[in-house]
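Hydrogens, waters and symmetry mates are skipped; everything else that's a heavy atom, side chains included, is used. We're numbering straight along the sequence, starting at 1.
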Amino acid sequence: CTSPQQLSSLLRRIKKEDDQHFTGHEISLAMKRLTNWRDYRAAFTLFNDVKNQTPDKLDHNLYSIVIRMCLDQYGHNIDTDSLALQKKRIKALQSSKKLFFEMQHQYHIEPNEYVLCALLGNCARVITKKSLRMAEHHWQRLMQNEYREVRMDHVVWNAMLNVYLKHYKLNAAIDLLQSMSGDQEEDQDASESMVVTQMDHTTYLLLLNGVRLNCAALHAQHDHEQPADGAMNEYAQHNLDENGISKTQMRTLTTQTLTDCVQQLGVPTVEIFGCVLNNFAMLGEVDTCMSVLCLMRHEWQHSACDMHKMQQLGLTVINADGEGEGEGDNDDEEWLQQIPAPNLICYNLCLKAIVVHTEQLLLAYEREEQTPFECRYLDWQWIQSSILQHVKNLDFSSDNKRLFVTYKLLFQIAERKMECMLWWMKYITQHINDDEQVQNMYLSKQYQREVVDILQQTETFFEEMTKEYKFKPHQKMFDQIYKIGFKFSQMYHEHHALFDDMESDPLKPYNEWLVQAMKRYGVQ
């Protein structure tokens, strides 16, 4: 079925034809298609019709789909800002619990791994004490071998790991990982079905994402900010207080996780590399992100690739000189060639690292912990050669939506760089009489060229984004572009003596261009 109309025709046939014409598998496919189109009402209607008319068609697939649907109908993002939506999700979790009980006791269908994972997945999306108890109850029954049809593979373990991570129970998640890897003593009476093999890439993805979200939520709480997934309830805050990790701990866990992934599974996937980049981007460690990026581009002798950092991350097949280690040089070279090429997400995360790094610099300037100085990561030429040049060589024919994010990040960098220039001007004004280096800086007028370059680069990025890639800017983006000019205006008026010898005011043509651009796209 390629359209809702064709599927509706199929559903009518299912009701009219004899039972033997349609199997439970075919009904499951119809329900999956309905959920893909988010027609949950029709999917629930079909499921109820099967229960009432042909209960012999009920199977694991149908129940796993309908249990997932209980929460899917309220969206995949946990928007805890809405109390009404939160109550609906709690009620939906109770409905999925009833379906699980109904399947076992009314229709005598023993749960398999897909049904159990569906229920655990719902528990991970409702952050309450009861949902965690529900997940742990079923996990305990599984460990006691009560669910004999559940095949203990990576999917099941990952589902429970996801529950702990989403509930900010990082210590419990790590204990589960130790059980999964066989580090803890095994139960002598455990059946053969309970034997666990090594972890898969999804396990490491969950852990890398989990430690980052844990750290981000803890710091948002300390800074009295709202985390990305909305306001926390008291239960989540309590778990975070007990299990929250610092940025230093997140760096250590990220390094340990990647090292273990390389040792267990060999070459990480591009998704694993993306998670590692995301974690170090949150820390503002541009040098680490660039080293990983160069390694993925097979440019391990590039000046931006710090092989000592790569060895710390467990990527030790090559030494600091870019040469293979020991006798297995051919194997090492083959290993390196298997490293996946970076995608656009990886490059965007390096730009994100620059944004975070600049925010850290601004905070240090404000606290007078550091003297304002020129940061090489904010040099447009460096950004162009290290990141943007490679971005333009990627293939955007199938999906270029993420390229829009690239330009959003570039505008953020431009705004942060203008803020750094404002601190730079303050420092020059305060020390021009007693610092020879500052006097030379003033005489060179390099700061004037830097400011003008920020305005010109902003125009260039905007025109490139709209004309070459046909993106339509939104109001928030125009607001950000306006802030760049406003901060220059603030700098110009507060430190007018540093700009009194400029031939013309660079802000006037910038504002005229901005007004025309806003009219072109109908933005106020």
Side-chain angles (χ1 to χ4, degrees), residues 212 215-216 218-228 246-248 250-251 278-290 348-383 386-387 405-432 435 437-438 441-442 446-458 461 476-477 479-495 498-499 507 510:
R212 184 183 67 257
C215 182
L218 180 65
H219 283 270
Q221 189 180 48
H222 288 172
D223 296 338
H224 304 290
E225 296 177 358
Q226 184 168 294
S246 66
K247 291 184 177 180
T248 301
M250 189 191 83
R251 181 188 294 107
N278 205 353
N279 287 12
F280 283 109
M282 176 184 160
L283 297 172
E285 296 190 10
V286 184
D287 52 349
T288 304
C289 290
M290 285 306 305
N348 285 345
L349 289 170
C350 287
L351 292 175
K352 175 185 174 182
I354 296 175
V355 173
V356 176
H357 178 75
T358 311
E359 290 173 347
Q360 293 171 348
L361 286 178
L362 290 169
L363 186 60
Y365 298 160
E366 183 179 353
R367 295 174 176 174
E368 298 183 352
E369 298 173 348
Q370 190 169 329
T371 301
F373 66 96
E374 188 175 0
C375 176
R376 70 184 183 95
Y377 300 133
L378 293 177
D379 180 70
W380 293 121
Q381 187 175 357
W382 183 87
I383 294 174
S386 301
I387 300 176
V405 177
T406 306
Y407 285 101
K408 288 171 61 178
L409 289 166
L410 289 172
F411 292 134
Q412 289 180 33
I413 292 173
E415 183 182 358
R416 302 298 186 278
K417 185 172 182 178
M418 190 66 82
E419 292 177 13
C420 287
M421 292 302 301
L422 184 57
W423 283 101
W424 197 359
M425 298 305 100
K426 290 180 180 179
Y427 187 80
I428 293 176
T429 302
Q430 292 172 357
H431 298 86
I432 193 168
D435 192 320
Q437 185 178 2
V438 170
M441 192 182 300
Y442 169 75
Q446 175 65 25
Y447 60 89
Q448 293 184 2
R449 292 188 289 272
E450 289 283 349
V451 169
V452 173
D453 193 38
I454 294 173
L455 299 177
Q456 291 177 345
Q457 284 292 340
T458 302
F461 291 143
K476 189 175 181 180
M477 183 172 286
D479 292 342
Q480 191 172 40
I481 295 173
Y482 169 78
K483 287 179 182 178
I484 297 172
F486 176 79
K487 287 173 181 176
F488 170 75
S489 177
Q490 179 185 357
M491 182 193 313
Y492 187 85
H493 286 90
E494 290 181 0
H495 309 282
L498 300 179
F499 299 95
L507 189 59
Y510 180 84

**Q** Does the side chain of Y377 come within less than 4.5 Å of T358's, by heavy atoms?
**A** no
**Q** So, for T458 and A414, which heavy atoms are closest and what is the spacing to 0.1 Å?
**A** OG1-CB, 3.7 Å
**Q** Quick one: are Y365 and L422 in side-chain contact, heavy atoms under 4.5 Å?
**A** no
**Q** For K426, does the NZ atom have more than 12 heavy-atom neighbours from other residues, nucleotides or ligands under 6.0 Å away?
**A** yes
**Q** Mind checking what makes side-chain contact (heavy atoms from CB on, under 4.5 Å) contact with Y427, not counting sequence neighbours?
**A** T371, P372, H431, D435, V438
**Q** How would you list, by chain and number, every residue that makes a salt bridge (Lys or Arg N to Asp or Glu O under 4.0 Å) with D379, sequence neighbours excluded?
**A** none
**Q** Taking only residues two or more places apart in sequence or in another chain, which ones pass side-chain contact (heavy atoms from CB on, under 4.5 Å) with Q430?
**A** none
**Q** Checking Q412 side chain against Q480 main chain: does a donor-acceptor pair fall under 3.5 Å?
**A** no
**Q** Please check this pair: side chain of K417 against backbone of L378, looking for a donor-acceptor N/O pair closer than 3.5 Å.
**A** yes
**Q** Using 30° and 60° as the class limits, which term best fits the ring planes of Y492 and F499: parallel, tilted or perpendicular?
**A** tilted
**Q** Can you name the salt bridge (Lys or Arg N to Asp or Glu O under 4.0 Å) partners of E359, sequence neighbours left out?
**A** R416
**Q** Mind checking what makes salt bridge (Lys or Arg N to Asp or Glu O under 4.0 Å) contact with K487, not counting sequence neighbours?
**A** E415, E419
**Q** Can you sort out the partners of R367 under side-chain contact (heavy atoms from CB on, under 4.5 Å), two or more places apart, ordered by chain and number?
**A** L363, E369
**Q** Taking everything shown except F486 itself, do over 12 heavy atoms lie less than 6.0 Å from its CZ?
**A** no
